[in-house]
There are 2 protein chains.
Amino acid sequence: MPGIDEKDREILRILRKEGRITLTELGRRVNLSPASVKNRLEKLEKLGAIKGYSAVVDPAFLDKYVKVLFLLKLRVEGPDIDLILQKFAAYENVESIFRTSGRTQAVIIAEFEDMDGMKAFASRLRRALGNSLEYIEWSAIYDVLKECWVEAGKRGGRWT
Amino acid sequence: MPGIDEKDREILRILRKEGRITLTELGRRVNLSPASVKNRLEKLEKLGAIKGYSAVVDPAFLDKYVKVLFLLKLRVEGPDIDLILQKFAAYENVESIFRTSGRTQAVIIAEFEDMDGMKAFASRLRRALGNSLEYIEWSAIYDVLKECWVEAGKRGGRWT
DNA sequence: GCTGAAATTCTGGAGTG
DNA sequence: CACTCCAGAATTTCAGC
């Protein structure tokens with residue numbers, strides 16, 4: 001990666017685990033002034049190294065009691081599939097969407113209030129993808145040991 | 001959820017998409033003083049509603065060019081499996097670990113510098129789980145449309 | 001990338017309904 | 001009890017070097 005040095009990488013590694021750390025503390029860790037850290041952060045965001053920042057939230061507190069992993073087996077490839085999936089990425093229920101190799105070609109992680117919400121979402125998925133979709137495999141996620149680089153027990157340790 | 005009102009939920013929803021938003025701006029959005037928002041945040045962290053904060057980083061900038069989804073088919077259930085998986089949750093390469101229902105019983109998302117790193121990790125996984133593991137299915141993640149509530153094309157940064 | 005000063009934000013305690 | 005207000009502390013921000 002051009003224009004990226006070890007201090008940038010260290011900043012990225014720290015920020016992944018402590019997203020709300022202050023520039024001052026970050027500078028202390030990597031031996032840089034807060035202003036320099038800020039300059040580097042702006043550079044990293046501009047370059048796309050940092051896509052955004054997020055809080056890791058227990059969905060139950062948002063009344064989302066069903067967390068689901070969908071595996072999508074798609075029939076054909078094409079740019080239209082990515083466009084359809086991008087629409088679903090905008091949904092409030094969707095946490096993550098990946099394109100993958102292997103037996104299935106797309107993964108969606110999403111959260112719902114109940115099974116009805118999940119079924120409605122799956123229906124929309126089937127309708128939107130139409131003939132491109134061969135089948136959906138889904139699993140309920142009933143325990144989260146780590147998510148977005150944040151370990152379960154490391155903070156509020158509630159469901160351990 | 002007891003002791004959680006609509007303003008708490010709104011705070012959680014905003015924080016998921018803008019993890020580095022200031023207390024002042026957050027207070028502006030939900031019509032509360034910064035001090036009140038701070039009190040609520042401390043409550044939410046204490047309750048375990050917020051597990052932590054994270055930056056969504058493009059792994060290529062950390063020289064991790066291989067992102068992988070592992071699906072683990074396990075033979076038996078037991079507390080030892082969760083203990084083993086917890087050890088793997090501490091690995092620097094591991095982004096997320098879920099326990100699921102369905103054909104496979106655990107999901108691991110991880111990043112590696114190359115295929116050798118991936119293979120070494122899979123070996124360790126097999127060795128650690130031993131007889132409990134029936135097989136591993138893995139897929140390369142070659143595109144990320146959304147991750148941790150941050151959409152690919154969007155700037156989910158501080159102000160948005 | 002640093003400094004230094006100004007603007008902004010954060011923080012804890014006192015006060016109010 | 002949760003909220004606001006307020007003052008001091010810390011952080012962020014931006015200019016200039």
Side-chain angles (χ1 to χ4, degrees), chain A residues 1-58 60-63 148-150 154-156 158, chain B residues 1-58 61-63 148-150 154-160:
Chain A
M1 277 292 147
I4 300 292
D5 63 12
E6 188 49 36
K7 280 191 178 172
D8 288 319
R9 284 189 285 271
E10 191 56 24
I11 287 171
L12 293 176
R13 279 189 284 262
I14 293 170
L15 231 27
R16 265 190 170 173
K17 291 179 171 290
E18 297 167 64
R20 272 182 84 83
I21 192 174
T22 64
L23 301 181
T24 308
E25 172 62 18
L26 204 40
R28 212 169 281 142
R29 302 257 190 104
V30 299
N31 286 317
L32 281 169
S33 70
S36 292
V37 175
K38 183 183 188 293
N39 287 336
R40 280 168 182 265
L41 269 193
E42 281 168 0
K43 177 188 73 178
L44 291 168
E45 287 170 5
K46 181 88 73 182
L47 284 173
I50 299 174
K51 304 290 185 188
Y53 304 90
S54 180
V56 180
V57 170
D58 181 345
F61 286 82
L62 291 169
D63 296 324
C148 304
W149 308 96
V150 175
K154 284 287 170 76
R155 216 173 245 276
R158 209 178 59 88
Chain B
M1 277 291 147
I4 301 291
D5 63 13
E6 188 49 35
K7 278 187 180 173
D8 289 320
R9 284 189 286 271
E10 191 56 24
I11 287 170
L12 293 176
R13 279 189 284 262
I14 292 171
L15 231 27
R16 265 189 169 174
K17 292 178 170 289
E18 298 167 61
R20 270 183 87 83
I21 191 174
T22 64
L23 301 183
T24 308
E25 172 61 17
L26 203 41
R28 215 167 280 144
R29 303 258 190 103
V30 300
N31 287 317
L32 281 170
S33 71
S36 289
V37 175
K38 182 182 188 291
N39 285 336
R40 280 167 182 265
L41 268 192
E42 281 167 0
K43 178 189 72 178
L44 291 168
E45 288 170 4
K46 181 89 72 183
L47 284 173
I50 298 174
K51 304 290 184 189
Y53 303 90
S54 180
V56 180
V57 170
D58 180 346
F61 285 82
L62 291 168
D63 295 324
C148 304
W149 308 96
V150 175
K154 299 230 173 146
R155 182 156 283 259
R158 184 143 181 180
W159 303 109
T160 312

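This structure is a prediction, so every number in the text was calculated from the model and none was measured. Here is the naming used below: chain letters follow the sequence lines, and residue numbers restart at 1 for every chain.
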| request: Mark yes or no for whether Ser54(A), through its side chain, and Trp149(B), through its backbone, hold a donor-acceptor pair below 3.5 Å. | output: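 The answer is no, because no donor-acceptor pair under 3.5 Å joins these two groups.
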Problem - Main-chain N/O of Ile21(B) paired with Arg20(A) side-chain donor or acceptor, under 3.5 Å - result: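 It does hold such a pair.
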With rounding to the nearest 0.5 angstrom, report the [atom1] to [atom2] distance, [X] to [Y].
X: Leu44(B); Y: Leu12(B); atom1: CG; atom2: CG; answer: 5.0 Å
X: Glu18(B); Y: Leu26(B); atom1: CD; atom2: CG; answer: 9.0 Å
X: Asp58(A); Y: Leu47(B); atom1: CG; atom2: CG; answer: 10.0 Å
X: Leu41(B); Y: Ile50(B); atom1: CG; atom2: CD1; answer: 5.0 Å

Original post:
Axis-to-axis angle across the helix from dG1(C)-dC17(D) to dG17(C)-dC1(D), five pairs an end, to 10 degrees?
Top reply: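 Terminal axis comparison yields 30°.
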Rounded distance in Å - [atom1] ([X]) to [atom2] ([N]):
X: Glu25(B); N: dC10(C); atom1: CD; atom2: P; answer: 10 Å
X: Ile21(B); N: dC10(C); atom1: CD1; atom2: C1'; answer: 15 Å
X: Arg40(B); N: dC10(C); atom1: CZ; atom2: C1'; answer: 18 Å
X: Leu26(B); N: dT9(C); atom1: CG; atom2: C1'; answer: 13 Å
X: Lys7(B); N: dC1(D); atom1: NZ; atom2: C1'; answer: 15 Å
X: Arg29(B); N: dT9(C); atom1: CZ; atom2: P; answer: 13 Å

Checklist line | OP1 or OP2 of dA10(D) under 4.0 Å from side-chain N/O of Thr22(A) | finding: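 Checking Thr22(A) against dA10(D): no side-chain N or O falls below 4.0 Å of OP1 or OP2.
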### Pairing of Glu42(A) and Lys38(A) as salt bridge, 4.0 angstrom limit
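Salt bridge between Glu42(A) and Lys38(A), a charged N being under 4.0 Å from a carboxylate O: yes.
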Need to verify one output field. Residue with the more 5' nearest nucleotide on DNA chain C, Ser36(A) or Arg20(A)?
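On the 5' side of the pair lies Ser36(A).
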**Asked** Under the side-chain contact (heavy atoms from CB on, under 4.5 Å) test, which residues partner Arg28(A), sequence neighbours left out?
**Response**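 With sequence neighbours excluded, Arg28(A) shows a side-chain contact (heavy atoms from CB on, under 4.5 Å) to Thr24(A), Glu25(A), given in chain and number order.
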What's the closest nucleotide to the Thr24(B) side chain, out of dC10(C), dC3(D), dC2(C)?
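So the nucleotide nearest the side chain must be dC10(C).
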Stretch residues 8-19 of chain A: residues that reach within less than 4.0 Å of DNA chain C through a heavy atom:
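Hits under 4.0 Å, by residue number: none.
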(message) With nearest nucleotide decided by heavy atoms, which residue, Arg28(A) or Asn39(A), maps closer to the 5′ end of DNA chain D?
(response)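 Whichever sits nearer the 5' end wins; that is Arg28(A).
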* Asked: What pairs with Lys43(B) under salt bridge (charged side-chain N to carboxylate O under 4.0 Å, His left out), at least two apart in sequence or on another chain?
  ->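 Result, salt bridge (charged side-chain N to carboxylate O under 4.0 Å, His left out) vs Lys43(B): Asp8(B).
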Q: Just jot down the salt bridge (charged side-chain N to carboxylate O under 4.0 Å, His left out) partners of Arg13(A), sequence neighbours excluded, or say none.
A: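 Once residues adjacent in sequence are excluded, the partners of Arg13(A) under the salt bridge (charged side-chain N to carboxylate O under 4.0 Å, His left out) criterion are Glu6(A), Glu10(A).
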Readout for nucleotides 11-17 of chain C: B = base within 4.0 Å of protein heavy atom, S = sugar-phosphate only, - = neither; 5' to 3' it is SB-----
